[in-house]
Amino acid sequence: MSEPTSGPVVEHLDRGPLSRDEMAALVARAIPAGAFVNLGIGQPTQVADHLAADSGVVLHTENGMLGMGPAAVGDAIDPDLTNAGKVPVTELPGASYFHHADSFAMMRGGHLDVCVLGAFQVSATGDLANWHTGAPDAIPAVGGAMDLAIGAKQVLVMMTLFAKDGTPKLVPTCTYPLTGVGCVDRVYTEVAVFEVGPGGVRVLETFGTSVAELAARLDVPLRS
Amino acid sequence: MSEPTSGPVVEHLDRGPLSRDEMAALVARAIPAGAFVNLGIGQPTQVADHLAADSGVVLHTENGMLGMGPAAVGDAIDPDLTNAGKVPVTELPGASYFHHADSFAMMRGGHLDVCVLGAFQVSATGDLANWHTGAPDAIPAVGGAMDLAIGAKQVLVMMTLFAKDGTPKLVPTCTYPLTGVGCVDRVYTEVAVFEVGPGGVRVLETFGTSVAELAARLDVPLRS
Amino acid sequence: MTLVVETTDEAVDGIADGSTVLVGGFGMAGMPVDLIDALIRQGASDLTVVSNNAGNGDTGLAALLAAGRVRKVVCSFPRQSDSWVFDGLYRSGDIELEVVPQGNLAERMRAAGAGIGAFFCPTGVGTPIAEGKETREIDGRTYVLEYPLRGDVALIGAHVADRAGNLVYRKTARNFGPVMATAATTVVAQVGSVVEVGEIDPEHVVTPSIYVDRVVTV
Amino acid sequence: MTLVVETTDEAVDGIADGSTVLVGGFGMAGMPVDLIDALIRQGASDLTVVSNNAGNGDTGLAALLAAGRVRKVVCSFPRQSDSWVFDGLYRSGDIELEVVPQGNLAERMRAAGAGIGAFFCPTGVGTPIAEGKETREIDGRTYVLEYPLRGDVALIGAHVADRAGNLVYRKTARNFGPVMATAATTVVAQVGSVVEVGEIDPEHVVTPSIYVDRVVTV
């Protein structure tokens, strides 16, 4: 778990919401130099594009590799070298391969500094729901999400703040089946960055909106 | 556990007790071709000298190796390559190295076909005592004996049948602290080979003595 | 003792109806496609398949499912863009599914191979995965008790074997192979090539020969 | 991030009194003798040392014990022909001993590194090692509940490191190093040589860089 951040909230009112690319860049800036990081499948993988080459950040992929490089293109595509989303990737100098039990021991054992995950819902206390909508006809598929959620030292979520129907995804209590309890530290959305945890929700930064506007649209108390 | 052996007991009355070397040879003959085998420290290591080169038997050493060769001499001595008794050994073609957790997972997981251990006492039902005399001033030291005793598919013990004071080491119930419960399958001594287990003690073969003489000197019922 | 066999049919010979079959691979990387094809020909049915996914497209594991040979799938991630065979069987109630978090899948097989009777695992606490399972607080953290997952047979893909059965893998195709090799009674590996004993550096062996029963080049 | 330091004194800097120190090696193979010598100079006391043996002769671990820095030894095999330093301290009541079967020693550290809260282990059932411990019958076999064994620091010996901290070992000197590297907060490796990043084949790495904090060439 990360230390609570102090300092006043920064409201960027002179601009619109963040683009997906800007969100990824913001998350990338939150990752300390030299950190060992797992970027979940989907949107979080874009964070890699914004990590400085000299950051020393080492990417882990759950299917058994540290030192993962960018997506492979053309002749570099190797069916034996993919990321967790089964996308062909490349290998950086200093990489290592290991089997699945060792890879998940690394995750579960708390050795990763940061993981970045998508979410359906995050609760005010940091519960995460990102694997199953609970719909009766949905086929449940959890992959490595539960292991990552409870394993990494710091769990960052990237998601839109509102679902397509306009309901908030930052909620008092998750209504979707949980991935992990009290495991999320920060939530990056297009309109704000939140800290969540035992003390509830604190707004760290807003984009194209104010804390007051957010407070009006969310069902959770906001500290700032 | 090994299958009970059937067939009549063979009494070799026209000879004396087995020498240590003959005991080792007898144990070696009981090891199936191609078996994966751990020879404990001390006397059991002599069994290796009697395994035929074409037997395909692969020796495991608990400190992280399969495919251990004979003791190293002269220039072949390498401080990074020892057996469980810290004696310099050699490496055979087809060898592999692994760390301690993997080595003991191999043992505990039941992957070794045979292990050969020394003993202070073995009970009629196959309890093993070979790590601690229980003397108040003795420093307890168990090493890998407990893991081997409960891990290998077949556990063979090599010991003299009688202690220096003449008391039997094959006993109704061990008086020394146990290494493992009901784990021994066979006991090789200088005067006889015994099968032990849930059904009690059966004599398989004698050397320089008869079943009747053994029965008179032991406190355990003998089946034959 | 490892047997190098000539054909994938020999490699899967004797797999019984009702077996639990561990199938390596993560997506197509490390997937023993040729062994699965041979298993389809071999005909064993009523199988429980343990694998990370539940088949892609119409080949490999998906073809085994389509042939009606699988009673139950134990996996972490059945639902994929091209998992239509599994999806159809699941929705029609013709196949049983046990979803296991990916790390638990690996660790439960590791426990089976390592002689561990059960283990307290922090993954899935407070989620539907833990429902009905024993939990315990240890040092202030809550854990779920998880049990070993054993196979009668493991079908895995590796890069190179020597004639003794030592295996090395290639890149992320390593994935579940080394763990499954420890967790099954009979372990069958399809490999890119077989070399003589002594040609693999003992320091580089990933799956020691003790775990491997049959090897076939594909 | 791994730091390649110039001296063994820098390598052991900051180890606090009362620490639990995991010390690699099996006999002298893989024993980080230079790091232990540096730890003696460094002066930390009231230590708990976890290692397979309890020191041989008068150097290395035996010298650390002789210097009175160790409160407790957790090991599988203290009694050896040349373990006179430990023997004397034990018999005079000046050191505490926890004897752990060798496999449990390895598995308990593996559990610490792998985030496992506790595990049911068949080793030692019905022996003095299991006295006072929780047991349970699972599938007809009895197991003892064993708990993780964590270190504040691990001192290990390896063959080669790259500048990122990836490690490879040599022959049976590998032994406890890879397990201890996963089980301690700070991991210090003494190595025969340090090479540039990229010089160790990623397939051959035994301890990935994520586990290693400091490396020193000896």
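To find a chain, count down the sequence lines: A is the first, B the second, and so on, and within it residues start at 1.
- At a threshold of 4.0 Å, the pair D:Glu203-C:Arg174 counts as salt-bridged, since one of the basic side-chain nitrogens sits closer than that to a carboxylate oxygen.
- Here D:Gly115 is the residue among D:Cys121, D:Gly103, D:Gly115 with the most heavy-atom pairs under 4.5 Å with chain C.
- Scanning all heavy atoms of the two residues, the minimum distance from C:Ile138 to D:Ala118 falls at CD1-CB, 3.9 Å.
- Relative ring orientation between C:His204 and D:His204 is described as parallel, the plane-to-plane angle staying below 30° on a 0-90° scale split at 30° and 60°.
- One distance of note links CG of C:Asp201 with CG of D:Asp201; it measures 11.0 Å at 0.5 Å rounding.
- Interface remark: D:Glu107 contributes side-chain atoms only to the contact with chain C (heavy atom separation under 4.5 Å).
- Looking only at heavy-atom pairs under 4.5 Å with chain D, the residue among C:Arg136, C:Arg110, C:Arg170, C:Glu146 that has the most is C:Arg110.
- Between C:Ile116 and D:Tyr143 the shortest side-chain heavy-atom distance does not fall below 4.5 Å.
- In this structure, the portion of D:Tyr147 lying under 4.5 Å from any heavy atom of chain C is its side chain and not its backbone.
- Neither the backbone nor the side chain of D:Arg141 has a heavy atom closer than 4.5 Å to any heavy atom of chain C.
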